[in-house]
Amino acid sequence: MPDISIEYKYSGTDVSGLHKWKDAADEARKKLIHKTGEGSEYLGWVDIPVDYDRDEFDRIKKAAKKIREESDAFVLIGVGGSYLGARAAVEFLAFPGRIKDAPDIYFAGNALSTDSIARTLQAIGDRDFSVNVVSKSGTTMEPAIAFRIFKAELEKRYGKEGAADRIYVTTDAKKGALKTMAVENGYEAFTVPDNIGGRYSVLSSVGMLPIAVSGADIDAIMEGAERMRQVCVENPFETNPALQYAAFRHEMMEEKKQVEVFCIYNSSVGSFSGWWRQLYGESEGKGGKGLFPACVTYSTDLHSIGQFIQDGKRNMFETMLYAENSNIEMHLEVDEKDLDGLNYLAGRPLSQVNRIAVKGTAQAHADGGTPNILISYPKKSEHTLGQLFYFFEFSCGVSCYMLGVNPFDQPGVEFYKNNIFKLLERPGY
């Protein structure tokens with residue numbers, strides 16, 4: 001059995017109630033496994049936990065070790081799927097006291113804000129740093145602009161040859177602007193697989209290099225993903241959480257729900273929710289179909305939009321992700337005066353209070369007409385993270401095929417890009 005489990009107590013249904021979606025979910029699963037559905041040329045991620053490039057994986061570990069030894073700061077330049085998965089992993093696994101001697105990791109190339117780039121350069125200061133730029137083409141505007149700026153800073157500090165030793169590119173194996181730059185300047189290059197789209201690429205070199213730089217055990221991540229792959233591919237509907245999650249989302253759509261609110265109970269999982277949002281929003285939102293993916297962090301957001309979720313328009317449901325156990329434990333001590341009235345909590349683990357908040361919130365929102373499911377995992381670890389990444393990717397592919405959309409294209413994204421190029425008077429637009 002997987003470590004990921006789903007609780008339906010607050011959803012208004014259960015596994016037996018979702019059984020009407022079994023045949024559709026199984027058919028969608030077959031399309032993923034046998035690569036017979038629309039967009040099948042981008043299904044390389046389905047088998048990557050058991051069929052990844054071991055030689056490149058070893059090169060990733062060596063490069064990460066080198067970066068950790070010679071750099072105090074590391075900048076990952078990418079946008080969308082080129083950085084969201086890595087950022088999710090780095091923050092998910094960076095609980096205090098766990099990993100030492102890792103460089104501070106910064107994320108750039110995901111916006112066009114001058115302030116953002118300037119703040120990153122200021123934060124790096126005069127410390128030694130290295131850069132990993134991730135782009136299939138090398139011409140995507142946001143990362144391309146950031147790379148020019150950080151490359152210039154590296155060359156200013158270390159000279160052209162010294163800078164080349166600190167620049168790592170993850171790009172197309174054979175073509176593109178970034179590949180050409182890598183060949184001409186001697187940058188170490190890793191491959192963006194042709195058969196894996198950006199938002200499904202975290203378990204490839206796209207995500208593995210920066211995750212390894214953070215000090216995380218990327219072997220354990222892949223082992224977790226392999227375990228979840230076995231469950232997703234082989235388990236029947238009744239014991240397959242990925243098929244059940246896809247089915248539940250379609251049950252909600254049938255009930256006229258339009259918004260899925262993805263809820264987390266730990267701020268360090270915030271970037272994971274951002275990764276989830278792109279995965280489902282960009283994969284499913286086509287042809288007037290799909291659920292709008294929204295993200296909240298509880299209990300913080302219970303004090304900002306909790307009123308709306310509890311008592312506003314009934315067009316949403318919630319998917320709550322939480323850990324059964326905390327990696328770090330804290331307890332309240334008895335206070336002699338007890339002016340805040342919290343002595344009744346003295347001695348209890350704070351993680352227990354957080355878990356109770358999950359159940360209390362779920363019950364309150366269900367009573368208010370917002371159904372929800374609880375997706376839990378034992379605690380934060382590389383093995384768990386690998387399972388979570390694969391679980392949501394596989395379930396997303398199933399859900400999209402059930403909906404009748406191609407999970408792997410994003411035609412609407414090109415519209416804003418073309419408009420920007422026209423307004424900037426780029427040649428050819």
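All heavy atoms count here, side chains included; hydrogens, waters and symmetry mates do not. Please read all numbers here as calculations on a predicted model, not as lab measurements.
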Donor-acceptor pair between D115 and S113 side chains, under 3.5 angstrom | no
In Å, rounded to the nearest 0.5 Å, how long is the span from CZ of F391 to CD1 of I4?
-> 7.0 Å
Should V296 and F262 count as side-chain neighbours, where that means a heavy-atom distance under 4.5 Å?
-> no
d(E393 CD, L388 CG) to nearest 0.5 Å is 11.0 Å
With a 3.5 Å cut-off and no angle check, do the side chains of T139 and S137 form a donor-acceptor pair?
-> yes
Between K35 and D47, what is the shortest heavy-atom contact and its length?
-> NZ-OD2, 2.9 Å
The side-chain hydrogen bond (donor to acceptor under 3.5 Å, both in side chains) partners of R29 (sequence neighbours excluded) come to D26
May I ask you to say whether E91 pairs ionically with R87, meaning some side-chain N is under 4.0 Å from a carboxylate O?
-> yes
Is it true that K61 and D217 have a side-chain N and a carboxylate O under 4.0 angstrom from each other?
-> no
Which is it for E56 and R59 under the salt bridge (charged side-chain N to carboxylate O under 4.0 Å, His left out) test, yes or no, and what are the steps along the way?
-> CA-CA 5 Å; E56 180 157 88; R59 283 204 303 120; 3.3 Å; yes
For ring pair (Phe, Tyr, Trp, His ring centres under 6.0 Å), just list the numbers for W21 and F248, CA-CA rounded to whole Å, side-chain angles, deciding distance to a tenth of an Å, and then say yes or no.
-> CA-CA 9 Å; W21 300 103; F248 178 73; over 10 Å; no
Separation between OG1 (T140) and CD (E142), nearest 0.5 Å, reads 7.5 Å
Please tell me if the side chains of V358 and Q363 come closer than 4.5 Å, counting only heavy atoms from C-beta onward.
-> no
When the ring planes of F92 and F272 are compared, do they come out parallel, tilted or perpendicular, using 30° and 60° as the limits?
-> tilted
With side chains defined as the heavy atoms from C-beta onward, is the minimum distance between Q387 and R227 less than 4.5 Å?
-> yes
Side chains of Y52 and E226, donor plus acceptor under 3.5 Å = no
Expected output: side-chain T171 to main-chain L178 donor-acceptor under 3.5 Å | no
Should the ring pair Y280 and Y245 be called parallel, tilted or perpendicular, given that the plane angle runs from 0 to 90° and is split at 30 and 60?
-> perpendicular
Salt bridge check: are R249 and E284 linked by an N-O gap of less than 4.0 Å?
-> yes
Examine K22 relative to F237 and say whether NZ or CZ is less than 6.0 Å from the centre of the six-membered ring and inside a 45° cone about the ring axis.
-> no
So do D104 and F74 actually touch side chain to side chain, heavy atoms under 4.5 Å?
-> no
May I ask you to test the W45-S204 pair for a side-chain heavy-atom distance under 4.5 Å?
-> no
Is the backbone N or O of M316 less than 3.5 Å from a side-chain atom of E260, with the two atoms forming a donor-acceptor pair by type?
-> no
Mind checking the CE-OG spacing from M228 to S395? Nearest 0.5 Å is all I need.
-> 10.0 Å
Considering only NZ, NE, NH1 and NH2 on the basic side and carboxylate oxygens on the acidic side, decide whether K379 and E324 come within less than 4.0 Å.
-> no
Minimal non-hydrogen separation, G80 against Q278, with atom names | C-OE1, 3.5 Å
What class does the angle between the rings of F107 and Y83 fall in, given that below 30° is parallel, 30 to 60° is tilted and above 60° is perpendicular?
-> tilted
Can you measure from CZ (R148) to CD1 (I77) and round to the nearest 0.5 angstrom?
-> 13.0 Å
Which atom pair, heavy atoms only, marks the closest approach of F317 to T319?
-> CE1-OG1, 3.8 Å
Between E282 and the options R199, Q410, R277, the side-chain hydrogen bond (donor to acceptor under 3.5 Å, both in side chains) test singles out R199
Side chain to side chain contact (heavy atoms under 4.5 Å, CB included) evaluation trace for I221 with H383 | CA-CA 5 Å; I221 290 175; H383 197 271; over 6 Å; no
Run the side-chain hydrogen bond (donor to acceptor under 3.5 Å, both in side chains) check on Q230 and Y390 step by step: do they pass?
-> CA-CA 10 Å; Q230 184 177 11; Y390 197 89; over 6 Å; no
Check the surroundings of atom CD in E333: do more than 12 heavy atoms from other residues, nucleotides or ligands lie under 6.0 Å from it?
-> no
Please lay out, stage by stage, how F150 and F129 fare under the test side chain to side chain contact (heavy atoms under 4.5 Å, CB included).
-> CA-CA 10 Å; F150 283 97; F129 76 101; 4.1 Å; yes
List the steps, then state whether salt bridge (charged side-chain N to carboxylate O under 4.0 Å, His left out) holds for R157 with D126.
-> CA-CA 9 Å; R157 295 191 189 192; D126 60 1; over 6 Å; no
Given E70 and D128, is the side chain to side chain contact (heavy atoms under 4.5 Å, CB included) satisfied, shown in steps?
-> CA-CA 7 Å; E70 68 182 20; D128 288 323; over 6 Å; no
With L154 as reference, evaluate I149, V75, V131 under the side-chain contact (heavy atoms from CB on, under 4.5 Å) test and give the passing residue.
-> V131
Apply side-chain hydrogen bond (donor to acceptor under 3.5 Å, both in side chains) to T191 and S205, showing your working.
-> CA-CA 7 Å; T191 301; S205 59; 5.9 Å; no
Flag side-chain contact, heavy atom, 4.5 Å: M181 against F147 | yes
Steps toward salt bridge (charged side-chain N to carboxylate O under 4.0 Å, His left out) verdict (K9, D14) = CA-CA 8 Å; K9 179 179 178 180; D14 56 20; over 6 Å; no
Considering all heavy atoms of both residues, which atom of A63 and which atom of E188 are nearest to each other, and what is their separation?
-> CB-OE1, 4.1 Å
Provide the closest heavy-atom pair for F408 versus G39 in the form atom of the first, atom of the second, distance.
-> CD1-O, 3.2 Å
Looking at N132 and P210, what are the two nearest heavy atoms and their distance?
-> OD1-CD, 3.8 Å
Can you find a heavy atom in the side chain of F392 that is under 4.5 Å from one in the side chain of L279?
-> yes
Going by heavy atoms in the side chains, are L243 and V398 under 4.5 Å from each other?
-> yes
Salt bridge between K179 and D172, side-chain N to carboxylate O under 4.0 Å?
-> no
Test side-chain hydrogen bond (donor to acceptor under 3.5 Å, both in side chains) applied to S351 and N354, step by step | CA-CA 5 Å; S351 62; N354 199 38; over 6 Å; no
Side chains of K66 and S130: donor-acceptor distance under 3.5 Å anywhere?
-> no
NZ on K359 to CD on E7, rounded to 0.5 Å = 4.5 Å
Do S376 and S5 have side-chain atoms, one donor and one acceptor, less than 3.5 Å apart?
-> yes
Donor-acceptor pair between Q244 and Y8 side chains, under 3.5 angstrom = yes
Check the pair Y265 / T297 against side chain to side chain contact (heavy atoms under 4.5 Å, CB included), numbers first and verdict last.
-> CA-CA 6 Å; Y265 284 79; T297 300; over 6 Å; no
